[in-house]
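Numbered from 1 within each chain, the chains take letters A, B, ... in sequence-line order. These values consider heavy atoms only, across backbone and side chains, with no hydrogens, waters or symmetry-generated copies.
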Amino acid sequence: TAGITQAPTSQILAAGRSMTLRCTQDMRHNAMYWYRQDLGLGLRLIHYSNTAGTTGKGEVPDGYSVSRANTDDFPLTLASAVPSQTSVYFCASSDSKNSRTEAFFGQGTRLTVV
Amino acid sequence: AQSVTQPDIHITVSEGASLELRCNYSYGATPYLFWYVQSPGQGLQLLLKYFSGDTLVQGIKGFEAEFKRSQSSFNLRKPSVHWSDAAEYFCAVDDDNNAGNMLTFGGGTRLMV
């Protein structure tokens with residue numbers, strides 16, 4: 001079972017360059033999320049989407065943008081990367097329409113901005 | 001806004017010893033609480049969750065957690081730790097947004113065995 005697939009697994013990016021982190025889920029979940037993980041801070045929500053065609057800002061949205069053109073894909077774009085965006089990025093999804101449920105996470109993308 | 005505190009950044013226990021990882025939350029309404037585990041280089045795997053009902057919840061891998069409303073706590077326990085339990089553990093609370101399951105995470109506790 002695939003679940004959530006993130007790509008790339010890791011990336012080194014020059015400051016000022018743009019990059020899109022890809023996330024695809026095959027569970028037909030309505031909601032998708034992007035978190036960043038930093039030492040001692042746990043995971044913090046960057047952006048979310050409750051359904052295809054809609055997105056919202058999380059706790060730390062600055063410098064990031066997302067789109068949700070369809071149910072399965074939720075790419076995260078860094079328009080002009082800065083070193084403070086060095087982090088591990090996790091995509092997640094959940095089926096939140098009908099009842100409380102848990103979120104399922106991808107394997108993460110380790111991004112280093114130099 | 002809700003918050004989650006995991007007071008212990010690192011914990012070291014011997015194999016076979018019991019384990020308790022602490023989690024305190026700040027949230028006005030009835031919380032939906034989770035414990036996730038992250039093995040090195042891996043994503044997050046759900047250990048257990050509390051939505052309502054019995055305050056002692058059982059999870060995978062022999063873990064359990066107890067919700068104590070009076071203490072705003074949701075501590076994770078295991079009676080006998082195995083070396084394979086070495087990982088980072090995250091407590092999280094759902095912000096009860098009916099349109100989604102956005103989580104607020106604690107800072108994590110790294111368990112060494």
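- Counting heavy-atom pairs closer than 4.5 Å to chain A, the top-ranked of the candidates B:Gln38, B:Lys49, B:Gln45, B:Gln6 is B:Gln38.
- Heavy-atom distances place the backbone of A:Leu41, and not its side chain, under 4.5 Å from chain B.
- Residues B:Tyr25 and B:Thr104 bring no donor and acceptor atom of their side chains to less than 3.5 Å of each other.
- Between B:Gln42 and A:Gln107, the side chains place a donor N or O and an acceptor N or O closer than 3.5 Å (distance only, hydrogens not considered).
- Donor-acceptor pairing under 3.5 Å is recorded for the side chains of A:Thr77 and A:Thr20.
- Residue A:Gln6: no heavy atom, backbone or side chain, is found under 4.5 Å from chain B.
- Counting heavy atoms from C-beta on, the side chains of A:Arg22 and A:Thr109 never come closer than 4.5 Å.
- Looking at B:Ile9, neither its backbone nor its side chain comes within 4.5 Å of chain A, counting heavy atoms on both sides.
- In this structure, a donor-acceptor pair under 3.5 Å is present between the side chains of A:Ser87 and A:Asp38.
- Most heavy-atom pairs under 4.5 Å with chain B: of the set A:Arg110, A:Glu59, A:Glu102, this distinction falls to A:Glu102.
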